[in-house]
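Sequence positions, counted from 1, serve as the residue numbers for this chain. Computed from heavy atoms alone, side chains included, the values below leave out hydrogens, waters and symmetry copies.
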Amino acid sequence: MANSMVLVSLMALGLLMVFSTTTQVEAAARAFFVFGDSLVDNGNNNYLATTARADSPPYGIDTPTHRPTGRFSNGKNIPDFISDALGSEPTLPYLSPELRGEKLLVGANFASAGVGILNDTGIQFINIIRMFRQLQYFQEYQTRLAELVGNDEAQRIVSDSLVLITVGGNDFVNNYFLIPFSARSRQFLLPDYVTYLISEYKKILMVNVRLHDLGARRVLVTGTGPLGCVPAERAMRSSNGECAPELQQAASLFNPQLVQMINGLNSEYGANIFIAANTQLQTSDFITNPGAYGFTTSKIACCGQGPYNGIGLCTAFSNLCSNRDEYVFWDPFHPSERANGIIINNIISGSTNYVSPMNLSTLLALNSDMRT
């Protein structure tokens with residue numbers, strides 16, 4: 001929530017249509033762990049003193065209870081659809097007091113709205129769980145899991161699990177382009193900033209906390225989506241409603257370098273541990289031709305105010321559309337539940353043009369012993 005909460009890492013706005021469910025990729029559920037920003041936050045920020053929250057109506061209007069859950073969506077978000085595909089219940093926020101006992105076997109969601117790759121991203125939100133802290137919580141989780149099931153079983157659960165990481169959009173929207181002449185924009189030209197972000201992202205995956213060494217063997221990494229095409233950026237940066245070119249350029253630089261970095265990591269480990277969703281390719285048709293996917297608009301948010309419903313926050317006093325399924329965007333920055341479903345269906349079964357080096361179904365079918 002909040003001004004640019006994210007990013008739109010609209011990541012894989014896909015080429016396949018789904019409405020409320022996705023294809024189940026295997027019979028037995030496996031543990032699922034989630035790291036990142038508001039696109040994948042299941043409610044951790046509900047427990048924090050921050051403005052980056054989605055815990056008030058009309059968020060959650062299309063959930064079974066019609067009440068907000070902390071997800072930046074009218075209903076399900078991206079991790080929820082992946083949990084469906086795994087045949088599992090949704091992951092609980094790590095900060096939730098309900099995450100105890102056998103609930104730990106499902107996995108955990110460590111994501112926090114507003115964060116970025118860099119620690120100075122989202123500083124206006126003050127109390128959020130930055131990436132280094134999310135990974136520290138993952139270590140803490142494994143200790144709790146081992147106390148429940150023993151060290152060997154805990155190691156097996158984590159090794160057989162799926163990890164999702166969605167981060168990066170805020171480093172542009174809530175950092176480099178947040179204000180004119182921001183500190184990072186004075187420090188770096190955009191191409192150099194992207195190179196720096198990729199190098200810092202690699203540290204998150206490999207060097208600083210060594211996600212692989214913490215046990216993760218299947219890691220899905222999503223790129224940024226159409227940052228300049230979200231309703232908020234159209235409203236703030238475009239005089240004619242077109243996508244903001246500077247943010248689109250940022251995404252076009254970031255995503256290919258992310259894929260290249262992921263492929264390099266796999267080569268270093270000698271195994272396809274990481275897969276990357278190339279969102280720049282996946283989103284172009286979705287945004288430019290929403291009617292082909294059953295939407296009426298990709299410019300106007302369902303909930304908001306001002307031009308394209310892109311100004312300010314989604315609140316009980318905002319304009320609210322009656323048919324959320326017709327809108328690509330739920331609020332000024334985040335996709336609708338139906339759009340989230342399309343995103344995930346493409347990640348699960350899409351071609352290697354969009355998910356590299358393989359789609360999620362193929363990754364999950366690999367032998368669980370992928371240690372190097």
Before you tell me yes or no, could you show the steps for Leu190 and Phe172 under side-chain contact (heavy atoms from CB on, under 4.5 Å), namely the whole-Å CA-CA distance, both residues' side-chain angles and the distance that decides it to 0.1 Å?
CA-CA 10 Å; Leu190 181 59; Phe172 298 106; 4.0 Å; yes
Taking the side chain from [X] and the backbone from [Y], do they hold a donor-acceptor pair closer than 3.5 Å?
X	Y	value
Ser298	Pro290	no
Asn170	Gly116	no
Asn44	Ala111	yes
Thr50	Phe125	yes
Glu233	Cys243	no
Ser88	Ser83	no
Asn74	Glu337	yes

Rounded distance (nearest 0.5 Å) linking atom [atom1] of [X] with atom [atom2] of [Y]:
X	Y	atom1	atom2	result
Leu39	Thr166	CG	OG1	6.5 Å
Leu145	Asn151	CG	CG	9.5 Å
Leu227	Ser252	CG	OG	10.0 Å
Gln136	Phe110	CD	CZ	12.0 Å
Asn255	Ser356	CG	OG	12.0 Å
Leu320	Cys302	CG	SG	5.0 Å

With under 30° as parallel and over 60° as perpendicular, where do the rings of [X] and [Y] fit, or are they tilted in between?
X	Y	result
Phe188	Tyr193	tilted
Tyr94	Tyr141	perpendicular
Phe138	Phe35	perpendicular

Shared ILVMFWY cluster between [X] and [Y], side chains joined below 4.5 angstrom?
X	Y	value
Ile262	Ile198	yes
Val221	Leu253	yes
Leu118	Ile204	yes
Ile117	Val259	no
Ile129	Ile123	no

Nearest heavy-atom neighbours spanning [X] and [Y]:
X	Y	value
Gly114	Asp37	N-CB, 4.5 Å
Lys202	Met261	N-CE, 3.8 Å
Asn109	Pro79	ND2-CG, 4.1 Å
Ile126	Arg130	O-NH2, 4.0 Å
Leu247	Arg237	CD1-NE, 3.6 Å
Pro90	Arg71	CB-NH2, 3.9 Å

Asp152: what forms a side-chain hydrogen bond (donor to acceptor under 3.5 Å, both in side chains) with it, not counting sequence neighbours?
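Scan of Asp152 (side-chain hydrogen bond (donor to acceptor under 3.5 Å, both in side chains), adjacent residues dropped) gives none.
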Under 6.0 Å from the [atom1] atom of [X], do we count more than 12 heavy atoms belonging to anything else shown?
X	atom1	answer
Gln260	CD	no
Leu105	CG	yes
Arg67	CZ	no

Is it possible for you to check whether Arg30 lies under 6.0 Å from the centre of the six-membered ring of Phe32, through NZ or CZ, and within 45° of that ring's axis?
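Output no; distance or angle outside limits.
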Answer whether the closest heavy-atom distance between the side chains of [X] and [Y] falls below 4.5 Å.
X	Y	result
Asn77	Asp80	yes
Ile348	Val355	no
Val328	Thr297	no
Leu205	Tyr201	yes
Thr63	Ser73	no
Ile165	Met131	yes
Asp120	Asn175	yes
Val34	Ile82	no

With a 3.5 Å cut-off and no angle check, do the side chains of Ser112 and Asp41 form a donor-acceptor pair?
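Result is no, nothing qualifies.
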Evaluate Ser185 against Phe177 for side-chain contact (heavy atoms from CB on, under 4.5 Å), listing each step before the verdict.
CA-CA 7 Å; Ser185 67; Phe177 292 107; over 6 Å; no
Could you go through the side-chain contact (heavy atoms from CB on, under 4.5 Å) check for Leu360 and Leu162 one step at a time?
CA-CA 10 Å; Leu360 184 57; Leu162 174 66; 3.7 Å; yes
One pair to check against side-chain hydrogen bond (donor to acceptor under 3.5 Å, both in side chains): Asn359 and Thr362. What are the steps and the verdict?
CA-CA 6 Å; Asn359 62 36; Thr362 304; 2.9 Å; yes
Does Tyr308 sit in a hydrophobic cluster with other residues, and if so which ones, taking ILVMFWY side chains as linked at heavy-atom separations under 4.5 Å, directly or through other members?
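Hydrophobic cluster check, Tyr308: joined to Ile300, Tyr327.
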Member of Cys314, Cys303, Pro68 meeting the side chain to side chain contact (heavy atoms under 4.5 Å, CB included) criterion with Pro57
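Passing option: Pro68.
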Does the distance from a Lys or Arg side-chain N to an Asp or Glu carboxylate O, for Glu153 and Arg156, drop under 4.0 Å?
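Looking at Arg156 together with Glu153, the answer is yes, because their closest N to O distance falls below 4.0 Å.
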Check the pair Asn174 / Thr121 against side-chain hydrogen bond (donor to acceptor under 3.5 Å, both in side chains), numbers first and verdict last.
CA-CA 6 Å; Asn174 277 314; Thr121 292; over 6 Å; no
Under the side-chain contact (heavy atoms from CB on, under 4.5 Å) criterion, do Leu265 and Ile273 qualify, and how do the steps go?
CA-CA 8 Å; Leu265 282 176; Ile273 294 165; over 6 Å; no
Check step by step if side-chain hydrogen bond (donor to acceptor under 3.5 Å, both in side chains) holds for Ser349 and Ser361.
CA-CA 6 Å; Ser349 56; Ser361 292; over 6 Å; no
